[in-house]
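The structure appears below as structure tokens.
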Amino acid sequence: MPELPEVETIVRGLQTPLLGRTITAAKVLWHNTARPSVVEVEAKLPQRRIEALSRRGKYLKFVLSGGKMLFIHLKMSGDLRVLPQSQAVHPHTRAFFNLDNGNRLEFKDPRKFGRIHLTDNPQSVIGTLGPEPLADDFSVDDFIALFERRSGRLKPLLMNQTFIAGLGNIYAAEACFWARLDPRRPANTLSAADLARLYHAIRRVLRHGIMLKGATLDNVYRGGEFQNHFQVYGKTGKPCPRCGTPIARVMLAGRSTFFCPACQSAASTASI
DNA sequence: CTAAAATCCTGGTGGC
DNA sequence: TGCCACCAGGATTTTA
């Protein structure tokens, strides 16, 4: 469940230990973790220097010497840590890269959904992603324009990475709560005022998540403290923090969706 | 076009 | 206590 704030937190934490380091050896321990292939990654990574590290959507992006880029997607349960090479490799480690200072970058991923992509064409990995919701130049008008000629329900659309990048099940639900929007609403029924509220809610909840270094969940993902600030996610039956109505849970596009059936309704927002 | 289902996976949980 | 069926979760691919 690393979403944008969790990935951003990891990227920030890795800057100091990784920037300028050279990879001396690469090992992939699970066949499906590496793209285009285990052999390619193990052969082409060594001797490259990490020149830049950033985030795009939920991907980590490593710019390497020699014109290659490495993208890592943590999916459900992935995590990255820098440890001394003297430490034993953890059983859930799916890949690791030794560094020229005696440390090791370890990619742990119990559920094996995560992927690492080595490429010289970034567009092949991140070319279809929608806009960055926190970009300085991403305006409320840009956001409203995304909804032109889009159908489908609101929350699944927000989680569609080609629509907008970085939102997952948690932050999409929390943003709908703050914007007082029913996550089941057909996207083409939202007014400009609804969308403006949603734009600000998305940016606020993502920034809040980053400030708290993301969320920790289920022993599956090691994050910060944002899980203590959820308003609706995982709160089925608990009183809505705004109006006291029990929080409801429905399935939308196969995902648990939490919301307040009273104050996140078209009727309740008509008068805002 | 949209949308739902299948796929990839394992650790944790609930039922018995 | 142990066994097992079940499920969550993101993104892609397949099917309807």
Side-chain angles (χ1 to χ4, degrees), chain A residues 1-10 28-38 55-61 71-80 90-95 107-117 119 122-133 146-176 183-190 202 206 209 214-223 226-227 230 232-237 247 249-258:
Chain A
M1 317 155 201
E3 303 181 27
L4 187 155
E6 287 76 23
V7 178
E8 179 68 25
T9 299
I10 289 175
V28 180
L29 303 166
W30 177 250
H31 65 94
N32 217 7
T33 293
R35 298 289 149 86
S37 70
V38 171
R55 178 191 60 73
R56 173 76 173 98
K58 302 178 195 173
Y59 287 87
L60 293 98
K61 173 185 170 185
F71 293 92
I72 300 183
H73 198 303
L74 303 169
K75 290 284 181 90
M76 295 291 306
S77 60
D79 196 7
L80 290 164
H90 189 278
H92 290 156
T93 299
R94 309 306 177 194
F107 178 45
K108 280 202 303 186
D109 185 23
R111 295 186 185 172
K112 299 180 175 174
F113 276 21
R115 298 286 180 267
I116 66 182
H117 304 255
T119 181
Q123 290 303 105
S124 68
V125 181
I126 58 170
T128 60
L129 289 181
E132 277 294 319
L146 294 180
F147 284 81
E148 286 173 17
R149 295 181 302 279
R150 294 305 291 246
S151 57
R153 306 219 211 201
L154 176 58
K155 205 197 73 164
L157 190 58
L158 293 178
M159 291 173 64
N160 179 345
Q161 302 302 298
T162 69
F163 180 76
I164 190 167
L167 291 168
N169 207 27
I170 294 171
Y171 291 89
E174 295 292 308
C176 288
R184 302 168 297 179
R185 278 273 290 278
N188 57 13
T189 66
L190 298 171
I202 288 169
L206 290 175
T216 299
L217 284 173
D218 293 351
N219 303 324
V220 171
Y221 179 68
R222 161 193 71 96
F226 188 66
Q227 70 281 1
F230 293 165
V232 291
Y233 182 83
K235 303 287 188 186
T236 313
I247 297 300
R249 173 181 184 264
V250 297
M251 294 300 273
L252 273 186
R255 300 287 168 254
S256 292
T257 299
F258 305 92

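Letters go in sequence order (proteins before strands), and every chain restarts at 1.
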- request: Quickly work out the A/Met251 CE to C/dG9 P distance and round it to whole Å.
  value: 8 Å
field: Taking every non-hydrogen atom, the tightest pair across A/Ser256 and A/Arg249
entry: OG-NH2, 2.8 Å
message: What is the distance, to the nearest angstrom, from the CZ atom on A/Arg184 to the P atom on B/dT2?
response: 21 Å
- prompt: Looking only at side-chain N and O atoms, does A/Tyr233 come under 4.0 Å of OP1 or OP2 in C/dG9?
  reply: yes
- prompt: Whole Å only: how far is the NZ atom of A/Lys155 from the C1' atom of B/dA3?
  reply: 15 Å
- prompt: Between B/dG11 atom C1' and A/Arg94 atom CZ, what is the distance in whole Å?
  reply: 11 Å
- prompt: At their closest point, which heavy atom of A/Leu167 faces which heavy atom of A/Glu3, and how far apart are they?
  reply: C-OE1, 3.9 Å
message: On the nucleotide C/dT12, are OP1 or OP2 found under 4.0 Å from the side-chain N or O atoms that A/His73 carries?
response: no
message: Distance alone, cut at 3.5 Å: any donor-acceptor contact between the side chains of A/Glu6 and A/Tyr171?
response: yes
- prompt: When we call it a touch if two heavy atoms are under 4.0 Å apart, what does A/Arg35 touch: a base, just sugar-phosphate, or nothing?
  reply: nothing
task: Identify the two heavy atoms, one from A/Pro133 and one from A/Leu4, that lie closest to each other, and give their separation to 0.1 Å.
output: CG-CD1, 3.9 Å
- prompt: Closest heavy-atom contact between A/Phe147 and A/Leu158?
  reply: CZ-CD2, 4.4 Å
message: Measure NZ/A/Lys75 against C1'/C/dT13 and give the value in whole Å, please.
response: 12 Å
message: So, does A/Ser256 get its side chain near the phosphate of C/dG9, meaning an N or O under 4.0 Å from OP1 or OP2?
response: yes
Extract from the structure each pairing of a protein N or O with an N or O of nucleotides 7-9 of chain B at less than 3.5 Å, listing the distance.
{"unit_1": "B/dC9", "atom_1": "OP1", "unit_2": "A/Trp30", "atom_2": "NE1", "d": "3.3"}
{"unit_1": "B/dC9", "atom_1": "OP1", "unit_2": "A/Asn32", "atom_2": "ND2", "d": "2.8"}

message: Restricting to non-hydrogen atoms, name the atom on A/Pro5 and the atom on A/Gly209 that form the minimum distance, rounded to 0.1 Å.
response: CB-C, 3.7 Å
- request: Send over the distance from A/Leu129 CG to C/dT12 P, rounded to a whole Å.
  value: 8 Å
query: Looking only at side-chain N and O atoms, does A/Lys58 come under 4.0 Å of OP1 or OP2 in C/dA11?
result: yes
task: Mind calculating the distance between CZ (A/Phe163) and P (C/dG10) to the nearest angstrom?
output: 17 Å
task: For A/Leu74 and C/dG10, give me the distance from atom CG to atom C1', rounded to whole Å.
output: 11 Å
For A/Arg94, the option from A/Ile116, A/Asn32, A/Asp109 that meets side-chain contact (heavy atoms from CB on, under 4.5 Å): A/Asp109
